[in-house]
Amino acid sequence: MRQNTGFILWLTGMSGAGKSTLSRALQAKLDGVRPVELLDGDEVRTWLSRGLGFSREDREENVRRIGNVALLLARHGVGVIVAAISPYRGSRDEVRRMAAAKGVPFLEVFIQASLDALIARDVKGLYKKALAGEIPHFTGVSDPYEAPESPEAVVRSDAEPVDAGLERVLEMLRKRELLPSAAAA
Ligand SMILES: Nc1ncnc2c1ncn2[C@@H]1O[C@H](COP(=O)(O)OS(=O)(=O)O)[C@@H](OP(=O)(O)O)[C@H]1O
Ligand SMILES: Nc1ncnc2c1ncn2[C@@H]1O[C@H](COP(=O)(O)OP(=O)(O)O)[C@@H](O)[C@H]1O
């Protein structure tokens, strides 16, 4: 197993799609099995990206900062899970290129759910506000989300239970020998 190989597992998707839920479940599975760290957009915005807003420029800067920290960690053998909307394909591809240049595996996971499902779910009540015009530039409502064109994995959080998506991502890591085959079953 390439247990000394770090990687970046990049979860992208709209607000409420299930990035945090899946990333925490993944972290729990990997913890104690291999070095792992989680960078969640919501949380990163309280320190590394404090002060950044949601303009295209600020989102791109946020993704660039997260990507750089993820790469630093991954180069030292950490399996880094990123959970960030990261709505622009170009920004995600930029991190992918940076990772490739350093020989770090970059695995993009699209956490997909229909806008209708997200509005019905509305975990944080943000869609209600965004639809009422109270949150400008809200992803999927009044701001773009560019879906990945060829992600390494897709999780349909509106059509499959958390455990199914979790297992698919774990299996992808096992196949790439980034997780031992017996672990995290
Ligand atoms: N305008 C707008 N659009 C989208 N999301 C918004 C917005 N304003 C605040 N929020 C909250 O910020 C969280 C997303 O932060 P990210 O750092 O992941 O966003 S980004 O990658 O820079 O686009 C996001 O968290 P998640 O719901 O966990 O995705 C929201 O809670
Ligand atoms: N298959 C699934 N994968 C992930 N989350 C799911 C799934 N099905 C339902 N959910 C629910 O959707 C919500 C997603 O919220 P969250 O993980 O905070 O999303 P995000 O981090 O993308 O904003 C949670 O309440 C979670 O329980």
Side-chain angles (χ1 to χ4, degrees), residues 8-30 37-71 80-96 98 106 108-148 151 153-172 184:
I8 300 175
L9 185 68
W10 192 284
L11 275 51
T12 172
M14 294 202 281
S15 176
K19 304 179 298 297
S20 299
T21 303
L22 187 61
S23 60
R24 283 194 216 110
L26 281 163
Q27 185 186 31
K29 287 284 188 183
L30 269 53
E37 192 55 75
L38 170 60
L39 297 172
D40 189 306
D42 247 357
E43 206 258 326
V44 162
R45 280 174 173 275
T46 67
W47 55 285
L48 182 68
S49 295
R50 190 171 54 201
L52 292 183
F54 291 90
S55 64
R56 178 176 189 134
E57 195 184 29
D58 280 8
R59 289 180 196 259
E60 287 180 341
E61 179 61 23
N62 182 39
V63 166
R64 199 170 295 124
R65 289 184 195 180
I66 295 173
N68 276 289
V69 172
L71 199 48
V80 185
I81 304 165
V82 173
I85 296 178
S86 44
Y88 296 109
R89 207 173 283 137
S91 301
R92 298 190 304 264
D93 287 348
E94 187 185 323
V95 181
R96 184 187 283 276
M98 285 192 314
F106 178 89
E108 190 176 20
V109 182
F110 180 24
I111 314 296
Q112 189 177 15
S114 70
L115 185 59
D116 284 349
L118 295 174
I119 289 169
R121 195 179 276 172
D122 209 3
V123 192
K124 299 179 185 167
L126 295 175
Y127 283 93
K128 190 167 177 234
K129 285 189 185 157
L131 289 166
E134 290 165 23
I135 308 177
H137 302 290
F138 194 80
T139 305
V141 174
S142 47
D143 220 47
Y145 177 77
E146 298 173 0
V154 178
V155 170
R156 283 289 321 212
S157 82
D158 55 359
E160 59 183 334
V162 179
D163 282 354
L166 174 64
E167 185 46 45
R168 182 146 3 89
V169 176
L170 290 171
E171 190 51 30
M172 175 180 73

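Just follow the structure's listing: the first ligand is 1, and inside any ligand the first atom is 1. Heads up: numbering here begins at 1 and tracks the sequence.
- Here the protein heavy atom with the shortest distance to atom 19 (O) of ligand 2 is G18 N, 3.0 Å.
- Between I8 and F106 the shortest side-chain heavy-atom distance falls below 4.5 Å.
- Atom 3 (N) of ligand 1 has its closest protein heavy atom at R59 NH2, 3.1 Å.
- Note on ligand 1: S142 sits outside its first shell, no heavy atom being nearer than 4.0 Å.
- When only interatomic distances are considered, the shortest N/O to N/O separation between S15 and ligand 2 does not fall below 3.5 Å.
- The shortest distance between side-chain heavy atoms of I66 and W10 falls below 4.5 Å.
- Regarding atom 18 (O) of ligand 1, its nearest protein heavy-atom neighbour is I85 N, 3.0 Å.
- Close approach of ligand 1 to G41 is summarised as follows: ligand atoms under 4.0 Å from at least one heavy atom of the residue are 17 (O), 18 (O).
- Shown in contact with P136 at under 4.0 Å from a heavy atom are these atoms of ligand 1, numbered in order with element: 1 (N).
- Using modelled atom types, no side-chain atom of S49 and backbone atom of L52 make a donor-acceptor pair closer than 3.5 Å.
- Among Y145, Y88, Y127, F54, the residue whose heavy atom lies nearest to atom 7 (C) of ligand 1 is F54.
- For atom 17 (O) of ligand 2, the nearest protein heavy atom (residue, atom name, distance) is T21 OG1, 2.5 Å.
- Of the protein's heavy atoms, D42 OD1, 3.7 Å lies nearest to atom 24 (C) of ligand 1.
- For the pair E160 and ligand 2, the shortest N or O to N or O distance falls below 3.5 Å.
- Within the 4.0 Å heavy-atom cutoff, M14 counts among the residues contacting ligand 2.
- Judged purely by atom type and a 3.5 angstrom limit, R92 uses its side chain to pair as donor or acceptor with the backbone of S86.
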Show your working on side-chain contact (heavy atoms from CB on, under 4.5 Å) between E60 and S55 and close with a plain yes or no.
CA-CA 8 Å; E60 287 180 341; S55 64; over 6 Å; no

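- For the atom pair CD (E146) and OG1 (T12), the distance works out to 10.0 Å, reported to the nearest 0.5 Å.
- Rounding to the nearest 0.5 Å gives a distance of 7.5 Å between CG of D42 and OG of S15.
- With hydrogens left out, the protein atom closest to atom 18 (O) of ligand 2 is S20 CB, 3.9 Å, a heavy atom.
- Residue contacts with ligand 2: V155 is placed with no nitrogen or oxygen under 3.5 Å of a nitrogen or oxygen of the ligand (distance criterion only).
- Counting non-hydrogen atoms of neighbouring residues, nucleotides and ligands closer than 6.0 angstrom, the CD atom of E134 exceeds 12 such neighbours.
- Counting only heavy atoms from C-beta outward, the side chains of L9 and V80 never approach each other to under 4.5 Å.
- Under the 4.0 angstrom criterion for non-hydrogen atoms, M14 is not in contact with ligand 1.
- Each of the following atoms of ligand 1 lies closer than 4.0 Å to a heavy atom of G16: 27 (O).
- Of all atoms in ligand 1, numbered sequentially from 1 with element shown, those under 4.0 Å from a heavy atom of P87 are 23 (O).
- No side-chain donor-acceptor contact under 3.5 Å links D158 to the backbone of A113.
- The shortest side-chain heavy-atom distance between M14 and I111 does not fall under the 4.5 Å cut-off.
- Here the side chain of R65 pairs a donor or acceptor atom with the backbone of L48 at under 3.5 angstrom.
- At a heavy-atom distance under 4.0 Å, only backbone atoms of H137 (N, CA, C or O) approach ligand 1.
- The contact set between ligand 1 and F138, taken as ligand atoms under 4.0 Å from a residue heavy atom, comprises 1 (N), 2 (C), 3 (N), 4 (C), 5 (N), 6 (C), 7 (C).
- What sits closest to atom 29 (O) of ligand 1 on the protein, heavy atoms only, is K19 NZ, 3.0 Å.
- For the atom pair CG (L26) and CG (L30), the distance works out to 6.5 Å, reported to the nearest 0.5 Å.
- Neither the backbone nor the side chain of S49 has a heavy atom within less than 4.0 Å of ligand 1.
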Determine whether E171 and R168 satisfy the following criterion, salt bridge (charged side-chain N to carboxylate O under 4.0 Å, His left out), listing intermediate values before the conclusion.
CA-CA 5 Å; E171 190 51 30; R168 182 146 3 89; over 6 Å; no

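- Looking from atom 15 (O) of ligand 1 to the surrounding protein, the closest heavy atom is R45 NE, 3.4 Å.
- Distances between N or O atoms of S86 and those of ligand 1 include at least one value under 3.5 Å.
- An N or O contact shorter than 3.5 Å links G16 to ligand 2 by distance.
- In this structure, A17 counts as a contact residue of ligand 2, since one of its heavy atoms falls inside 4.0 Å of the ligand.
- What sits closest to atom 27 (O) of ligand 1 on the protein, heavy atoms only, is S15 OG, 2.6 Å.
- In this structure, Y145 has its ring center no closer than 6.0 Å to that of Y88.
- Looking at L126 against ligand 1, only its side chain comes within 4.0 Å, counting heavy atoms.
- More than 12 non-hydrogen atoms from other residues, nucleotides or ligands lie less than 6.0 angstrom from CZ of R56.
- No N or O atom of V123 sits closer than 3.5 Å to an N or O atom of ligand 2.
- Nearest heavy-atom pair, G165 versus L22, reported as atom, atom and distance to 0.1 Å: C-CD1, 4.1 Å.
- Ligand 2 has no N or O atom lying under 3.5 Å from any N or O atom of R156, backbone or side chain.
- Heavy atoms of P161 found under 4.0 angstrom from ligand 2 belong exclusively to the backbone.
- Both tests hold for R45 against F54: distance to the six-membered ring centre under 6.0 Å, angle to the ring axis within 45°.
- Summary of contacts: the protein heavy atom closest to atom 28 (O) of ligand 1 is K124 NZ, 3.1 Å.
- Heavy-atom proximity to atom 20 (S) of ligand 1, evaluated over T139, N62, V141, is greatest for N62.
- Scanning all protein heavy atoms for the shortest distance to atom 9 (C) of ligand 2 gives R121 NH2, 3.7 Å.
- Of all protein heavy atoms, the one closest to atom 6 (C) of ligand 2 is V162 CG2, 3.9 Å.
- Here the closest non-hydrogen pair linking K128 and D122 is N-OD2, 3.0 Å.
- Of the protein's heavy atoms, S157 O, 3.4 Å lies nearest to atom 8 (N) of ligand 2.
- Between S157 atom OG and Q112 atom CD the span is 9.0 Å, to the nearest 0.5 Å.
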